[in-house]
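Everything numeric in this text was worked out from a predicted model, so none of it was measured.
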Amino acid sequence: MAAFALAHLSDPHLPPLPAPRLGDLMGKRALGYLNWTRNRHKYQRRDVLNALVSDMRGQRPDHIAITGDFVNLALEAEFEPARAWLEGIGSSDRITIVPGNHDAYVRATQHRFVEALGHYAAGDDASAGNASFPSLRRRGPLALIGVSSAVPTAPLMATGWLGENQLAMLDRLLSALSAEQLFRVLLIHHPLRSDARTKRLTDSGALCALLKRHGAELILHGHDHVHSTMWIDGPDRAIPAIGVPSASALAHGRYPAAAYNLFSIARDGNAWRCEQAVRGIDGQLQVRQLSTTRLI
């Protein structure tokens, strides 16, 4: 059986930022807009994102996972361009997404992610566009499990939270899937471990506990805008949790340039084989392969 190719990118923070109305720039958005105009517009670039996506599509993955932060300030004017961008990449049956904290930046528009992009997040058993989490999509040998850690937070905070209901449903879902011969991929925006108090997943301990009980084969996340591999305890082996830089970023400070991961997944006897290729952009906006790693 041919290997299944899964591409993963995250945090496109789709540029350019639409011009906000004065009434939009209240509270947390005011600080975010100041950060955008002073700093982020210099390195969140549409040409970078276009080059990365073009290369990814040229690799012809069987499926694409995007782990959040499609927009920047969750302005009403940002969501329809985000939908159009996704539809330009592919249909909702070929792309699975989860929201990031910027997609739920403020309470006023926290519902807009599901309204505009929900058909890319909804599970196989959901009615059209009616996304709820955790979601489950079966694609080839994969079970793609999406959870939402996206919640509005106070200014200067970018924490995430799953909550008791989502964790309880995920517990039951992972337990049921463990009886099937599926490669379970958990999609989440926030990393499961973080040293940054203002950016952490606040109930990561509960999530890690249920993963230790039921396991998964792979965890994909974004949020930190860096290349990252951490290992989370499972019932019989450690689970690789992989993060990736922002898909629209030029290299700046400690943050690397835009990159995406391409996973090759296949059954190997009674076990799984998963290999990771990292492809990233250089100073001439050319994408090249940075590394390959066998994870499982």
Side-chain angles (χ1 to χ4, degrees), residues 7-20 25 28-56 65-75 78 81-82 85 89 97 99-105 149-150 153 155-160 188-191 193-201 220-230 241-262 276-291 293:
H8 170 226
L9 59 83
S10 195
D11 298 74
H13 289 285
L14 285 162
L17 182 70
L25 299 181
K28 184 171 183 174
R29 277 194 184 137
L31 293 175
Y33 182 69
L34 184 63
N35 186 28
W36 177 269
T37 55
R38 285 189 171 182
N39 299 303
R40 294 187 64 176
H41 79 280
K42 301 173 186 176
Y43 53 80
Q44 304 284 175
R45 295 254 302 265
R46 194 58 172 254
D47 54 349
V48 171
L49 180 61
N50 290 346
L52 197 75
V53 168
S54 177
D55 183 83
M56 179 187 67
I66 308 176
T67 49
D69 277 2
F70 294 87
V71 301
N72 294 284
L73 306 182
L75 299 168
E78 289 186 274
W85 177 75
I89 299 173
I97 70 172
N101 57 296
H102 280 261
D103 303 317
Y105 202 65
S149 59
T153 58
L156 305 179
M157 297 294 288
T159 51
I188 184 170
H189 180 67
H190 288 76
R193 290 198 297 264
S194 176
D195 295 329
R197 180 181 175 276
T198 59
K199 298 184 69 175
R200 75 194 192 282
L201 181 69
L220 302 179
H221 70 85
H223 192 53
D224 285 344
H225 295 198
V226 296
H227 297 284
S228 172
T229 300
M230 63 183 74
I242 309 296
V244 69
S246 165
S248 62
L250 293 172
H252 58 286
R254 69 181 183 89
Y255 298 104
Y260 70 94
N261 292 318
L262 189 63
Q276 173 196 9
V278 181
R279 295 183 64 81
I281 203 153
D282 63 21
Q284 287 71 49
L285 300 191
Q286 300 297 311
V287 180
R288 58 187 179 88
Q289 190 147 304
L290 304 179
S291 65
T293 305

Side-chain atoms of residues 243-253: list all donor-acceptor pairs with protein atoms under 3.5 Å, sequence neighbours left out, distances to 0.1 Å.
| from | atom 1 | to | atom 2 | distance (Å) |
| --- | --- | --- | --- | --- |
| Ser246 | OG | Asp11 | O | 2.7 |
| Ser246 | OG | Gln44 | NE2 | 3.2 |
| Ser246 | OG | Ser248 | N | 3.4 |
| Ser248 | OG | Pro12 | O | 2.7 |
| Ser248 | OG | Gln44 | NE2 | 2.5 |
| His252 | ND1 | Leu250 | O | 2.7 |

Checking Leu14 against Glu78 for the side chain to side chain contact (heavy atoms under 4.5 Å, CB included) test, could you report, in this order, the C-alpha distance in whole Å, the side-chain angles of both residues, the deciding distance, and whether it holds? CA-CA 8 Å; Leu14 285 162; Glu78 289 186 274; over 6 Å; no

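- For the side chain to side chain contact (heavy atoms under 4.5 Å, CB included) test, residues two or more places apart in sequence or in another chain that qualify with Ala241 are Ile219, Met230, Ile232.
- Residues Leu75 and Leu17 meet the side-chain proximity criterion, which asks for heavy atoms closer than 4.5 Å.
- Considering only residues two or more places apart in sequence or on other chains, Asp224 meets the side chain to side chain contact (heavy atoms under 4.5 Å, CB included) condition with Pro191, Lys199, Val226.
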Please report the C-alpha distance between Met56 and Arg279 in whole Å, then the side-chain angles of each, then the deciding distance to 0.1 Å, and finally whether the side chain to side chain contact (heavy atoms under 4.5 Å, CB included) criterion is met. CA-CA 9 Å; Met56 179 187 67; Arg279 295 183 64 81; over 6 Å; no

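- Every residue was checked against the side-chain hydrogen bond (donor to acceptor under 3.5 Å, both in side chains) condition with Tyr105, not counting sequence neighbours, and none meets it.
- Applying the salt bridge (charged side-chain N to carboxylate O under 4.0 Å, His left out) criterion to Arg40, with sequence neighbours excluded, gives no partner residue.
- Taken to the nearest 0.5 Å, the CD1 atom of Ile97 stands 7.5 Å off from the CG atom of Asp103.
- With rounding to the nearest 0.5 angstrom, the NE2 atom of His225 is 5.5 Å from the CG atom of Asp69.
- The aromatic rings of Trp36 and His41 sit tilted, their planes meeting at an angle between 30° and 60°.
- In this structure a side-chain-to-backbone donor-acceptor pair under 3.5 Å is missing from Asp55 to Leu52.
- Note that CG of Asn261 and CG of Leu220 are 7.5 Å apart. Values are rounded to the nearest 0.5 Å.
- When all heavy atoms of Ser149 and Leu201 are compared, the pair lying nearest together is CB-CD1, 3.8 Å.
- The side-chain hydrogen bond (donor to acceptor under 3.5 Å, both in side chains) search around His8 returns Thr67, not counting sequence neighbours.
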Apply the test side chain to side chain contact (heavy atoms under 4.5 Å, CB included) to residues Leu285 and Asn50: give CA-CA distance (whole Å), side-chain angles for both, the deciding distance (0.1 Å), then the verdict. CA-CA 10 Å; Leu285 300 191; Asn50 290 346; over 6 Å; no

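- In this structure His189 satisfies the ring pair (Phe, Tyr, Trp, His ring centres under 6.0 Å) test together with His223, sequence neighbours excluded.
- Residues meeting the side-chain hydrogen bond (donor to acceptor under 3.5 Å, both in side chains) test with Lys28, sequence neighbours left out: Thr153.
- With sequence neighbours excluded, no residue forms a salt bridge (charged side-chain N to carboxylate O under 4.0 Å, His left out) with Asp282.
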Report the C-alpha distance between Asn101 and His190 in whole Å, list the side-chain angles of each, state the deciding distance to 0.1 Å, and finish with yes or no for side chain to side chain contact (heavy atoms under 4.5 Å, CB included). CA-CA 8 Å; Asn101 57 296; His190 288 76; 4.1 Å; yes

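- A donor-acceptor pair under 3.5 Å is formed between the side chain of Arg29 and the backbone N or O of Ala74.
- Between the OG atom in Ser10 and the CD1 atom in Ile188 there is a gap of 11.5 Å [rounded to 0.5 Å].
- Not counting sequence neighbours, the partners of Asn39 by the side chain to side chain contact (heavy atoms under 4.5 Å, CB included) test are Asn35, Tyr43.
- Formation of a donor-acceptor pair under 3.5 Å by the His102 side chain with backbone atoms of Ala158 is not found in this model.
- Here Pro81 pairs with nothing under the side chain to side chain contact (heavy atoms under 4.5 Å, CB included) rule; sequence neighbours left out.
- For the residue pair Arg46 and Pro16, the shortest heavy atom distance occurs at NH1-CD, 4.2 Å.
- Shown here are the side-chain hydrogen bond (donor to acceptor under 3.5 Å, both in side chains) partners of Arg200, two or more places apart in sequence or in another chain: there are none.
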